[in-house]
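Structure, as structure tokens:
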Amino acid sequence: MQKLKSINWSGFLSILKCCLIGIVVTLIGIVFFAIVLKFADLNSTVITAVNNIIKALAIFFMVFFLKKSGNGKLIVKALVAGLIYAVLSFLIFSIMNGGFVFNLSILYDLLFALIVSVIAAVILNLTSKKA
């Protein structure tokens, strides 16, 4: 029988820490946007677009700190972090909303987080290479 590889807990904890940073950035962005909404009357499509921009920026911060925490396989780590970010943000915002609503938008949020995290990882990999 082959020995199973032990789980790299330090790597997982760094991914989780970066996901929590992304969640905090998202929460701060949502609070600032809620303050803006208090004084401005915006269309629902604008609100959705700004929420997606806030999430994308939070994911970029998350992947940036993930890159700083360690080298190697950033795209794989970014995919895992994007998945964890999407699940955590769904749980936190559902609790804040007062209930869990399962619909197709959960899948869209998950795909959005995965795609943006891979794009962020590729951009960070390309910009960090020294010529």
Side-chain angles (χ1 to χ4, degrees):
M1 287 179 92
Q2 286 182 342
K3 284 188 173 182
L4 294 175
K5 285 187 175 181
S6 64
I7 298 174
N8 185 1
W9 286 107
S10 65
F12 180 73
L13 289 177
S14 69
I15 290 173
L16 191 60
K17 181 177 72 171
C18 292
C19 289
L20 292 177
I21 290 171
I23 294 291
V24 168
V25 170
T26 303
L27 289 171
I28 291 170
I30 295 295
V31 166
F32 283 134
F33 186 55
I35 292 170
V36 170
L37 281 178
K38 198 76 164 158
F39 300 111
D41 186 29
L42 297 177
N43 191 359
S44 66
T45 57
V46 173
I47 293 171
T48 304
V50 171
N51 282 335
N52 284 335
I53 290 170
I54 291 169
K55 282 190 259 182
L57 288 174
I59 292 171
F60 266 90
F61 275 110
M62 177 183 72
V63 175
F64 175 76
F65 284 111
L66 192 61
K67 171 94 172 138
K68 292 291 183 187
S69 69
N71 291 335
K73 299 183 183 178
L74 181 64
I75 293 177
V76 174
K77 290 179 183 178
L79 277 172
V80 172
L83 177 69
I84 293 171
Y85 171 84
V87 170
L88 284 177
S89 65
F90 169 73
L91 290 174
I92 290 171
F93 287 112
S94 292
I95 290 170
M96 289 173 60
N97 213 15
F100 294 95
V101 177
F102 297 101
N103 53 20
L104 201 53
S105 68
I106 298 166
L107 179 63
Y108 293 145
D109 284 342
L110 178 66
L111 289 175
F112 180 79
L114 292 175
I115 290 169
V116 172
S117 64
V118 168
I119 290 171
V122 168
I123 289 172
L124 287 172
N125 272 337
L126 289 177
T127 57
S128 68
K129 301 282 183 192
K130 302 208 180 200

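Atoms considered below: every heavy atom in the structure, side chains included; atoms not considered: hydrogens, waters and symmetry mates. Note that the structure is a prediction, hence the values are computed from the model and not measured.
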Would you compute the distance between atom [atom1] of [X] and atom [atom2] of [Y] and round it to the nearest 0.5 angstrom?
X	Y	atom1	atom2	result
Lys77	Cys18	NZ	SG	9.0 Å
Leu74	Leu79	CG	CG	9.5 Å
Ile53	Leu57	CD1	CG	7.5 Å
Ile15	Leu20	CD1	CG	12.0 Å
Cys19	Leu13	SG	CG	11.5 Å

Pair Leu107-Leu104, side chain to side chain contact (heavy atoms under 4.5 Å, CB included): steps then yes or no = CA-CA 5 Å; Leu107 179 63; Leu104 201 53; 4.0 Å; yes
In this structure, would [X] and [Y] fall into the same cluster of hydrophobic residues linked by side-chain contacts under 4.5 Å?
X	Y	value
Val50	Ile47	yes
Leu16	Val80	yes
Ile115	Phe64	yes

Within a strict 4.5 Å, meaning less than it, do heavy atoms of the Met62 and Ile23 side chains meet?
-> no
Contact check, side chains of Val116 and Ile119, non-hydrogen atoms, under 4.5 Å =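 Heavy-atom side-chain distance check fails, nothing below 4.5 Å.
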Looking at every heavy atom in both [X] and [Y], which two are closest together, and how far apart are they?
X	Y	answer
Val63	Ala78	CG2-CB, 4.1 Å
Leu114	Gly82	CD2-C, 4.2 Å
Leu66	Ala81	CD2-CB, 4.1 Å

Can you list every pair that meets side-chain hydrogen bond (donor to acceptor under 3.5 Å, both in side chains) and has a residue in residues 96-113, with sequence neighbours left out?
->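 For residues 96-113: Lys55-Asp109, Asn103-Ser105.
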Does atom CZ of Phe112 have more than 12 heavy-atom neighbours, drawn from other residues, nucleotides or ligands, at distances under 6.0 Å?
->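 It does: Phe112 CZ has more than 12 such atoms within range.
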Ignoring hydrogens and angles, write down the donor-acceptor pairs under 3.5 Å from the side chains of residues 32-45, residues two or more places apart or on other chains.
{"residue": "Asn43", "atom": "ND2", "partner": "Thr45", "partner atom": "OG1", "Å": "3.3"}

Counting only pairs under 3.5 Å, give me each side-chain donor-acceptor contact of residues 83-96, with atom names and distances, residues two or more places apart or in other chains.
{"residue": "Tyr85", "atom": "OH", "partner": "Thr26", "partner atom": "OG1", "Å": "2.6"}
{"residue": "Ser89", "atom": "OG", "partner": "Tyr85", "partner atom": "O", "Å": "3.0"}
{"residue": "Ser89", "atom": "OG", "partner": "Ala86", "partner atom": "O", "Å": "3.1"}
{"residue": "Ser94", "atom": "OG", "partner": "Phe90", "partner atom": "O", "Å": "2.7"}

